[in-house]
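Right, one structure below, let's go through it.
Naming: A, B, ... by sequence-line order, numbering from 1 per chain. These numbers come from the heavy atoms of this one structure, side chains and all, not from hydrogens, waters or symmetry mates. This structure is a prediction, so every number in the text was calculated from the model and none was measured.
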Amino acid sequence: AQSVTQLDSQVPVFEEAPVELRCNYSSSVSVYLFWYVQYPNQGLQLLLKYLSGSTLVKGINGFEAEFNKSQTSFHLRKPSVHISDTAEYFCAVSESGNTGKLIFGQGTTLQVKP
Amino acid sequence: KAGVTQTPRYLIKTRGQQVTLSCSPISGHRSVSWYQQTPGQGLQFLFEYFSETQRNKGNFPGRFSGRQFSNSRSEMNVSTLELGDSALYLCASDYLSGGRGTDTQYFGPGTRLTVL
């Protein structure tokens, strides 16, 4: 079985500052990793995913994440945030090749202040 | 290409009733997954259907059921509603052929169910 821990429930940050949202996972099998964003009253939108290959993954809206197998982490980063990045961010894991079942972390609310 | 659509968007029911939610996947997508989102439990996987067969199942009671039709549209049903079933129910789809596809789930906007 897999599990995901998002270490921060809320992250306040000023506009144009860098941000890191932390995610650790646990699994006994090979996994795929994902970051999704959810804006109020909307569904989830994929930011980026790691399936295999390069451990540094670039996504939409200037976000990137690095897969660290030894530390079982997949932290999300952005060098300069905007007010429009204010949203809830979810890290998720699935078994490799079985992406029909995603296990999500509890979410991190990113609050970008002017 | 149209995204994942879910109907209805909002629903109010009373305890003991049953409810059916509908999900139309992106055209060409054959896998449909359902999730429940609540403030307390977060996002939890309910089940996944592929080619009208349930492929994966989460840890929910038997009151939660689903099905998929030949056109890949899916429905989920909750019988004997409880207050704790109030949640946002999200549907996601993926293209799968021969077991592989985009390895990405695309989510709909959700159905907000309120149980009174």
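In the hydrophobic clustering of this structure, Val4(A) groups with Phe63(A); members are Ile, Leu, Val, Met, Phe, Trp, Tyr whose side-chain heavy atoms approach within less than 4.5 Å, directly or through other members. In the hydrophobic clustering of ILVMFWY residues, with side-chain heavy atoms under 4.5 Å counting as a link, Tyr106(B) and Val93(A) come out apart. Tyr89(B) and Leu116(B) are assigned to two separate hydrophobic clusters, defined by single-linkage of ILVMFWY side chains at heavy-atom distances under 4.5 Å. In terms of hydrophobic clustering, with Ile, Leu, Val, Met, Phe, Trp and Tyr side chains grouped at heavy-atom distances under 4.5 Å, Val115(B) and Ile12(B) are assigned to different clusters. Criterion: ILVMFWY side-chain heavy atoms under 4.5 Å apart, direct or through other members. Under it, Leu110(A) and Tyr39(A) are part of a common hydrophobic cluster.
In this structure a side-chain-to-backbone donor-acceptor pair under 3.5 Å is present from Ser33(B) to Gly100(A).
For the pair Leu44(A) and Phe107(B), the tightest heavy-atom approach, listed with the atom from each and the gap, is O-CB, 3.4 Å. Closest approach of Lys101(A) and Lys57(B) over heavy atoms only: NZ-O, 4.1 Å.
Residue Gln45(A) does not touch chain B at all, counting heavy-atom pairs closer than 4.5 Å. Leu43(B) touches chain A through backbone and side chain together, each having a heavy atom under 4.5 Å away. Neither the backbone nor the side chain of Phe47(B) comes within contact range of chain A; no heavy atom of the residue lies under 4.5 Å from a heavy atom of that chain. Contacts between Gln41(B) and chain A at a heavy-atom distance below 4.5 Å involve the backbone alone (N, CA, C, O). Interface remark: Leu46(A) contributes side-chain atoms only to the contact with chain B (heavy atom separation under 4.5 Å). Heavy-atom distances place the side chain of Gln106(A), and not its backbone, under 4.5 Å from chain B. Contact annotation for Leu46(B): neither backbone nor side-chain heavy atoms come within less than 4.5 Å of a heavy atom of chain A.
With ring centers used as reference points, Phe45(B) lies 6.0 Å or more from Phe104(A).
Summarising the geometry, atom CD belonging to Gln38(A) is positioned 6.5 Å from atom CG belonging to Leu88(B); distances are rounded to the nearest 0.5 Å. A distance of 6.0 Å separates OG1 in Thr104(B) from OH in Tyr36(A), rounded to the nearest 0.5 Å. Distance check, rounded to the nearest 0.5 Å: CD of Gln44(B) to CD1 of Ile103(A) gives 9.0 Å.
Among Pro109(B), Gly58(B), Ala92(B), Gly42(B), the residue making the largest number of heavy-atom pairs under 4.5 Å with chain A is Pro109(B).
Heavy atoms of other residues, nucleotides or ligands lying less than 6.0 angstrom from CZ of Arg15(B) number 12 at most.
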